[in-house]
Amino acid sequence: MSARWPRAVRPLLWAFAVLAVVHLAALLTGGTAAAQLTKPALMPVLAGYALARGGPPLLAGALLFGCGGDTFLQLGGDLSFLVGMGSFAAGHVCYLLLFARYGTAPGDGRRGRMAAAGAAYAVLLAGTVVLLWPDLPADLRIPVAGYSLLLTAMAFGALRAGPRAAVGGLLFLLSDTLIASGIAHWPQPPGPQFWIMFTYLAAQYALAGGVLRAAATAPEPAPRRTQAPRTAGVP
């Protein structure tokens, strides 16, 4: 995998870092306007960086769906929350397709560990949903449970794309669990929005880096064999 726009790689990475620092600082200092302005810009810049690195367009799609989720979630209201959650869900589907395309299938030595990891993720999903369920608004219980299933599947699938992507999946789980616990009115850490966005930005960056690395090392697909045209009268 070669960079498409090599000169843009470093500036885009620095732009993402600066935007992330400004956004997180705004959350800590109460700069609402700066936080709202920078939030929708974060994922498009990271998507541009991924494309400049020669990453697959589907990775840019996953990040841009994240931008959609970021934008709708900051609007407030149940409908905006559901639309934003749907946008994040579409991003998770993109990631699952990327892991299936570029990830490494577990060999005989890893199957036991992958099975144990799958069981751990399943227990984590069930425990989170069971604990949150009574405290969630009734109209959000089913959507949150369905989204949690997809999110957990994405986090588990990230194991196929290497350690960096696996860490990204776990951080995404943590970030969205913080959101859900806030909706359920559970006690929150000081500055909850800061921690939600800190873990989310780290998650997306780690997932993007993991996919880029997996795509760069994935074997090229074998060329399709085409049959020579048959000439009339020649067997």
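FYI, the numbering just counts along the sequence from 1. Predicted model, so just to flag it, every value in this text is computed and none were measured.
Using bins of under 30°, 30° to 60° and over 60° for the plane-to-plane angle, the ring pair Phe198/Trp195 lands in the perpendicular bin. Using the six-membered ring where Trp is involved, Tyr147 and His92 have ring planes that are tilted, between 30° and 60° apart.
Contact of the Phe156 side chain with the Met114 side chain is registered, since non-hydrogen atoms from C-beta on lie closer than 4.5 Å. Under the 4.5 Å side-chain criterion, counting only non-hydrogen atoms from C-beta, Leu19 is not in contact with Phe16. Inter-residue side-chain proximity for Val45 and Trp14 is flagged as unmet; no heavy-atom pair is nearer than 4.5 Å.
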Side chains of residues 24-36: which donor-acceptor partners sit under 3.5 Å, not counting sequence neighbours?
{"residue": "Thr29", "atom": "OG1", "partner": "Ala25", "partner atom": "O", "Å": "2.8"}

Determine all donor-acceptor pairs shorter than 3.5 Å in which one atom belongs to a side chain in residues 120-133; sequence neighbours excluded.
{"residue": "Thr128", "atom": "OG1", "partner": "Leu124", "partner atom": "O", "Å": "2.8"}

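Scanning both residues, Gln74 and Pro40, for their nearest heavy atoms gives NE2-CG, 3.7 Å. Taking both residues in full, the closest heavy atoms of Pro143 and Met85 are given as CB-CE, 3.5 Å, listed atom of the first, atom of the second, then distance. Summarising the geometry of Leu207 relative to Gly169, their closest heavy-atom pair is CD2-N, 3.8 Å, with the distance given to 0.1 Å. Residue Leu159 comes nearest to Ala166 through the heavy atom pair CD2-CB, 3.5 Å, listed as atom of the first residue, atom of the second, then distance. Contact between Ala52 and Leu12 at its shortest, heavy atoms only, is CB-CD1, 4.0 Å. Across all non-hydrogen atoms, the minimal contact from Leu59 to Ala50 is CD2-CB, 3.7 Å.
Rounded to the nearest 0.5 Å, atoms CG (Leu63) and CG (Leu42) are 11.0 Å apart. Atom OG of Ser181 sits about 10.0 Å away from atom CG of Leu136, to the nearest 0.5 Å. Taken to the nearest 0.5 Å, the CZ atom of Phe99 stands 6.0 Å off from the CE atom of Met154. Expressed to the nearest 0.5 Å, how far CD of Gln204 lies from CZ of Phe172 amounts to 4.5 Å. Separation of atoms OG (Ser148) and CG (Asp176) is listed at 8.0 Å; rounding is to 0.5 Å. Atom-to-atom distance recorded for Tyr49:OH and Leu46:CG is 8.0 Å, nearest 0.5 angstrom.
A centroid separation of 6.0 Å or more is found between the aromatic rings of Phe65 and Phe88.
By the 6.0 Å contact criterion, CZ on Phe81 is enclosed, its count of non-hydrogen atoms from other residues, nucleotides or ligands being greater than 12. Other residues, nucleotides and ligands contribute at most 12 non-hydrogen atoms within 6.0 Å of the CZ atom of Arg164.
When hydrophobic clusters are built by joining Ile, Leu, Val, Met, Phe, Trp and Tyr residues whose side-chain heavy atoms come closer than 4.5 Å, directly or via intermediates, Phe194 is not grouped with Leu171. Residues Leu82 and Val144 are members of one and the same hydrophobic cluster, defined by side-chain heavy-atom contacts under 4.5 angstrom among Ile, Leu, Val, Met, Phe, Trp and Tyr. Follow the hydrophobic side-chain contacts under 4.5 Å out from Leu151 and you reach Leu58 in the same cluster. Under the 4.5 Å side-chain contact rule for hydrophobic residues, Leu73 and Leu140 share a cluster. With hydrophobic clusters built from ILVMFWY side chains whose heavy atoms lie under 4.5 angstrom apart, Tyr200 shares a cluster with Leu13.
Between the Ser175 side chain and the Ile196 main chain, a donor and an acceptor come within less than 3.5 Å of each other.
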Report the C-alpha separation of Leu96 and Leu150 in whole Å, then their side-chain angles, then the decisive distance to 0.1 Å, and conclude whether the side-chain contact (heavy atoms from CB on, under 4.5 Å) test is met.
CA-CA 9 Å; Leu96 284 169; Leu150 182 58; 3.8 Å; yes
